[in-house]
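All values derive from a computational prediction rather than experimental measurement. What you see below is based on every heavy atom in this structure, not just the backbone, and it leaves out hydrogens, waters and symmetry mates.
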Amino acid sequence: MLKIQGRQFSKEHELYACIQCGKCTGGCPMAIKTNLNPRSLIYQLLLSGNGFDVEGLGELWDCTTCSTCSSRCPKQVNPMDMIISLRGVLVEGGRIHPNIKTALESTYRQGNPLTMAREDRGVWASGLEVAAYTEQTEYLYFVGCTPSYDPQAQKSARALVNILNQAGVSYGILKTEESCCGSEVRRLGELGLFEMIIEENTEMYRALNVTKMITTSPHCFNTFKNDYPSGDMQVQHYTQILAELIENGALNFTGKVEKIVTYQDPCYLGKHNQVFDEPRFVLKRIPGVKLVDMDRSREKSLCCEGGGGRMWLEGTNPGTRLARMRVQEALETGAEILATACPFCLLTLEEAVQHEGAQEKLQVMDIAEIAAQAL
């Protein structure tokens, strides 16, 4: 058994503020199809005294860390952080799925959770005009693991490079020196490895005098902005940069994208960091784009089920994957393109379109890809 001191744990996570209203479970998208029940977990912890057995709580791995539970709590309790901490107990006890173990080991050895060689991290930029970051460069473009290695997500990174070049932005990349930000390592509960990643990355960025960073992924954006030590480094998601470039006239579109577009708010951009307007601003300024919102959008947006380690645990719980529900909602708007600004959303939604047999009706694209088409 893996027992923890339930009373002390409850104090540390301020669970005694919980009034058992159930808004966390009621809003949890995974509670509909799995045994995950944040309200019940809190209740059990509060009643457990000094003995709470974490072993056997397989539903902890169903959490996507979308933050819906935390954002809806009227007493500012954070069930998501509670679940991440409980995962940490399972990680320390070695009670983890083989896929998670592989991802964590790969992050430690190769600097990415995808079991890809570190030496190949910069291959995505072959043939592009992109320089290595130096102290004279204004922005460090942190590409991220998935956009560096996954063929579909690489399109987003390549499109963004073309846009930044067109706008005359001073930026550079780390190529093989870039290493995972540790976002999913943190959400999976492996705090020891995450602290090591922070230490190594922070040391490198300070040595390079990095003061401004652009990220492809909202997960990287959130981690650098909220989990790393606060300092002088300004971190922005690429949609924020594009919005600024459009506003100051540095980025102009000469082409058109005559399409009806709906937008999937990535959880780590929207719910976690309240970045809702900039992505929509960019889409609206692309000539020809007609933007229509799905019913569940902005703070109410439905998670794609890619975060919190779920990218490596597909098929481990029953029910329809959330991304497939989201594709159906997108189809109901009459949209021809389902846009997002997150590599996890991009991959889960693209797969969902194929499962739904909707390839002829709906195309999944990153905002950077759509913007690049209008250059």
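Closest of all the heavy-atom pairs between Ile197 and Cys181 is CG2-O, 3.7 Å. Nearest heavy-atom pair, Ser67 versus His272, reported as atom, atom and distance to 0.1 Å: CB-NE2, 3.3 Å. Arg298 approaches Phe276 most closely through the heavy-atom pair C-CE2, 3.3 Å. What you find for Thr202 and Pro229 is that their closest heavy atoms are OG1-CD, 4.2 Å.
Between the CG atom of Leu90 and the OG atom of Ser85 there is a distance of 11.5 Å, given to the nearest 0.5 Å.
Between the side chain of Asn99 and the backbone N or O of Leu313 there is no donor-acceptor pair closer than 3.5 Å. Under the 3.5 Å distance criterion, the side-chain polar atoms of Ser48 are matched with a main-chain donor or acceptor of Leu45. Judged by distance alone, with hydrogens and angles left aside, the side-chain atoms of Gln5 form no donor-acceptor pair with the main-chain N or O of Gln8 at under 3.5 Å.
Relative ring orientation between His219 and Phe344 is described as tilted, the plane-to-plane angle lying within the 30° to 60° band.
Contact check for Ser297 versus Arg280: side-chain heavy atoms found under the 4.5 Å cut-off. A heavy-atom distance below 4.5 Å is found between the side chains of Leu193 and Met196. A heavy-atom distance below 4.5 Å is found between the side chains of Ser301 and Arg326. Looking at heavy atoms from C-beta onward, Lys290 lies out of side-chain contact with Lys259 at the 4.5 angstrom threshold. Put simply, the side chain of Thr348 does not reach to within 4.5 Å of the side chain of Glu305, judged on heavy atoms. Contact annotation: the side chain of Arg187 approaches that of Thr223 to within less than 4.5 Å [non-hydrogen atoms, C-beta and beyond]. Taking the side chain as every heavy atom from C-beta outward, Cys345 and Pro266 approach each other to under 4.5 Å.
Taking the six-membered ring for Trp and the full ring otherwise, the centers of Phe221 and Tyr268 sit at least 6.0 Å from each other.
Between the side chains of Gln236 and Gln234, at least one donor-acceptor pair of N or O atoms lies under 3.5 Å.
In Glu360, the CD atom is not crowded: 12 or fewer heavy atoms of neighbouring residues, nucleotides or ligands sit closer than 6.0 Å.
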- request: Show the numbers, then the answer: is there a side-chain contact (heavy atoms from CB on, under 4.5 Å) between Tyr171 and Glu138?
  value: CA-CA 6 Å; Tyr171 73 98; Glu138 183 177 6; over 6 Å; no

